[in-house]
Colleague: 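So that we are looking at the same thing, I have put the structure below in structure tokens.
Not measured: the values here are computed from a predicted model.
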Amino acid sequence: MAELVYNKEGRLLFTKEMKKEYTILMPQMLPIHFSMFRKLMELEGYKVDQLNNDSRNVVDEGLKYVHNDTCYPALLVIGQFMDAIKNGGYDPHKVALLITQTGGGCRASNYIHLLRKALQKSGMEYIPVISVSFGLESNPGFSLTIPLVRRLIYAMMYGDLIMNVANQVRPYEVERGAADGMVAHWVDEIVDRFTRGKGMNRREMRRIFREIIADFAAIPVREEEKIRVGIVGEIYVKFSALGNNHLEEFLLAEGAEPVVPGLTDFMIFKIYNRVVDVNIYGGSALKKEVCDFFMDYVQKCQHDMIDALKASGRFRAPGDFEQLRRLVDGYLGEGCKMGEGWLLTAEMLELIHSGTNNIVCAQPFGCLPNHIVGKGMIRALKDNYPDSNIVAIDYDPSATSINQENRIKLMLANAKGMGRSREHATV
């Protein structure tokens with residue numbers, strides 16, 4: 001068994017010996033993306049398991065260790081970890097937990113400390129917690145190398161593209177499950193290509209984009225029009241089926257087409273915030289230069305994806321990060337960056353400008369940043385775009401799915417009524 005090693009502050013480290021012996025557990029948020037992230041980590045020599053436990057027991061475990069007033073995503077992530085350790089058949093002496101750490105003013109910065117506190121409270125403080133961050137914490141057995149970060153960027157781009165085209169096919173597919181089958185095929189295919197060292201440069205990525213788009217475009221669909229509903233909000237609740245009570249599935253069952261902005265804009269936003277810090281408050285010119293270089297690279301990859309979608313003639317393409325920045329001008333300043341910051345408002349604006357006027361803003365109850373840049377901006381958006389139809393839905397352990405679904409049904413009924421009004425106006 002690997003020896004437990006602590007740093008000067010008394011933090012348990014993930015060592016090189018643990019890398020050989022331990023299984024790293026990852027929480028779930030984006031199934032398509034995270035499947036590829038997991039494989040890339042395995043190619044780096046880590047043993048990784050993706051957690052998919054999503055029963056009520058996850059919430060109950062979270063409530064044992066995280067106060068109900070604390071961030072709901074923190075409660076769910078910690079609950080998912082604790083449920084997996086206790087009930088997932090793992091040897092608790094041979095697992096490590098992997099979690100992102102942002103370091104900002106959001107409550108999400110406390111996830112890692114809350115998780116360590118939960119382990120201590122349950123008598124499992126011997127389980128190491130790995131912080132996925134840049135410079136906040138380090139471990140001898142884990143590092144975000146430049147080659148790994150570069151590959152993770154490609155996996156993110158593939159994930160965003162697959163999610164985008166699948167969402168545009170799934171509501172209309174003739175054969176039920178065809179889009180999901182194609183998603184599974186391409187996740188496996190990309191993982192296989194990663195294993196063979198393929199698909200991890202921009203030239204190959206552009207070619208694979210075309211292959212993915214062609215395969216999804218070939219799926220037979222019904223020629224019908226459905227109400228499009230955008231999903232925005234706090235990043236975990238926006239993407240995680242566990243966090244939003246399977247919102248996308250509910251919208252599909254109600255006859256709508258979910259439209260979900262991808263992960264790429266959020267990642268560019270987080271890099272850009274470091275540039276904004278230097279612009280507003282001063283700081284290292286070198287830091288700004290490095291962030292500008294990194295951001296430029298990710299944006300080029302984003303443009304490759306957008307260009308591939310536009311060239312298809314079949315699928316709608318999202319706007320790029322610069323368009324989002326222009327759209328939000330006059331609403332919020334670039335210094336508004338806690339939580340999802342101005343990006344959340346910008347995503348709602350992009351949806352409205354692209355013809356998706358119906359929007360669900362999903363947020364954890366009590367998430368102050370998102371209540372300001374999400375719910376707090378709805379009135380300003382409706383004043384400027386009277387046809388916008390936006391509903392803010394809070395998620396927490398005590399919120400009932402019936403209440404949430406009824407409010408969404410009311411929004412959909414309003415969308416249908418607005419559609420009929422426009423039809424009468426044109427007759």
Colleague: For residues R193 and I208, determine if any side-chain heavy atom of one lies less than 4.5 Å from a side-chain heavy atom of the other.
Modeller: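 Yes, at least one pair of side-chain atoms sits under 4.5 Å.
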Colleague: Is there a donor-acceptor pair under 3.5 Å between the side chain of D394 and the backbone N or O of F365?
Modeller: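 Absent.
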Colleague: On the 0 to 90° scale, with breaks at 30° and 60°, tag the F321-Y272 ring pair as parallel, tilted or perpendicular.
Modeller: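 Perpendicular.
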Colleague: Once you round to the nearest 0.5 Å, how far does CD1 of I359 lie from CD1 of I390?
Modeller: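 One finds 4.5 Å between CD1 of I359 and CD1 of I390.
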Colleague: Got more than 12 heavy atoms from elsewhere within 6.0 Å of NZ, K226?
Modeller: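 Atom NZ in K226 is crowded, with more than 12 foreign heavy atoms closer than 6.0 Å.
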Colleague: Between V360 and V232, is there a side-chain heavy-atom distance shorter than 4.5 Å?
Modeller: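 Heavy-atom side-chain distance check fails, nothing below 4.5 Å.
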Colleague: Among E340, E234, Q363, K375, which residue meets the side chain to side chain donor-acceptor pair (under 3.5 Å) test with N370?
Modeller: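 When E340, E234, Q363, K375 are each tested with N370, the side chain to side chain donor-acceptor pair (under 3.5 Å) holds only for E340.
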Colleague: R151 side chain to M200 main-chain N or O, any donor-acceptor pair under 3.5 Å?
Modeller: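 Here the side-chain-to-backbone pair does not exist.
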Colleague: So with a 6.0 Å cut-off around CZ of R56, is the heavy-atom count from everything else above 12?
Modeller: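 Counting other residues, nucleotides and ligands, CZ of R56 exceeds 12 neighbours.
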Colleague: Under the criterion side-chain contact (heavy atoms from CB on, under 4.5 Å), I'd like the reasoning laid out for Q323 against E350: C-alpha separation, chi angles, the key distance, then a yes or no.
Modeller: CA-CA 8 Å; Q323 288 175 299; E350 184 194 17; 5.5 Å; no
Colleague: Begin with the C-alpha distance, continue with both residues' side-chain angles, and end with the deciding distance and a verdict on side-chain contact (heavy atoms from CB on, under 4.5 Å) for L349 and Y385.
Modeller: CA-CA 9 Å; L349 283 163; Y385 303 95; 3.6 Å; yes
Colleague: Determine whether Y90 and D49 make a side-chain contact, defined as any pair of heavy atoms from C-beta on separated by less than 4.5 Å.
Modeller: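 Side-chain contact under 4.5 Å: yes.
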Colleague: Using a strict threshold of under 4.0 Å (side-chain N to carboxylate O), is an ion pair present between E137 and R116?
Modeller: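 Result for this pair is yes, salt bridge flagged.
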Colleague: When the ring planes of F37 and H33 are compared, do they come out parallel, tilted or perpendicular, using 30° and 60° as the limits?
Modeller: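 Geometry flag for H33 against F37: perpendicular rings.
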Colleague: Could you check if a side-chain atom of L119 sits within less than 4.5 angstrom of a side-chain atom of L97, using non-hydrogen atoms only?
Modeller: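 Side chain of L119 against side chain of L97, heavy atoms only: contact under 4.5 Å found.
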Colleague: In Å and rounded to the nearest 0.5 Å, what is the CZ to CD1 distance from R407 to I393?
Modeller: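 Between R407 CZ and I393 CD1, I get 4.5 Å after rounding to 0.5 Å.
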Colleague: Any salt bridge linking D296 with K300? Criterion: basic side-chain nitrogen under 4.0 Å from a carboxylate oxygen.
Modeller: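 Answer for the salt bridge query: yes.
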Colleague: Hey, is D277 close enough to K337 for a salt bridge, meaning N to O under 4.0 Å?
Modeller: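 Salt bridge present between D277 and K337.
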Colleague: Other residues, nucleotides and ligands only: do more than 12 of their heavy atoms fall within 6.0 Å of CE on M163?
Modeller: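 Counting neighbours around CE of M163, more than 12 heavy atoms of other residues, nucleotides or ligands fall under 6.0 Å, so yes.
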Colleague: Which heavy atom of F142 sits nearest a heavy atom of Y46, and at what distance?
Modeller: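 Heavy atoms only, the tightest pair is CA-OH, 3.4 Å.
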Colleague: Is a donor on one side and an acceptor on the other found under 3.5 Å between the side chain of N245 and the backbone of L247?
Modeller: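 Between the backbone of L247 and the side chain of N245 there is no qualifying donor-acceptor contact (under 3.5 Å).
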Colleague: Within the side chain of T356, is there an N or O that forms a donor-acceptor pair under 3.5 Å with the backbone of I352?
Modeller: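 It does not hold such a pair.
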Colleague: Aromatic ring centroids of Y72 and Y236 under 6.0 Å?
Modeller: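 No, the ring centres sit 6.0 Å or more apart.
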Colleague: Look at R325 together with E322 and state whether they make a salt bridge at an N to O cut-off of under 4.0 Å.
Modeller: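 Answer for the salt bridge query: yes.
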Colleague: Could you walk me through whether N357 and S388 pass the side chain to side chain donor-acceptor pair (under 3.5 Å) test, one step at a time?
Modeller: CA-CA 5 Å; N357 295 323; S388 61; over 6 Å; no
Colleague: Could you check whether the rings of F14 and Y22 sit parallel, tilted or perpendicular, using 30° and 60° as the cut-offs?
Modeller: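 Ring orientation, 0 to 90° scale: perpendicular.
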Colleague: Inspect the contact between D192 and R196 and indicate whether a charged nitrogen and a carboxylate oxygen are less than 4.0 angstrom apart.
Modeller: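 Salt bridge flag = yes for D192 with R196.
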Colleague: Surrounding CD of E175 (heavy atoms of other residues, nucleotides or ligands, distance under 6.0 Å), is the total greater than 12?
Modeller: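 Result for CD/E175: open.
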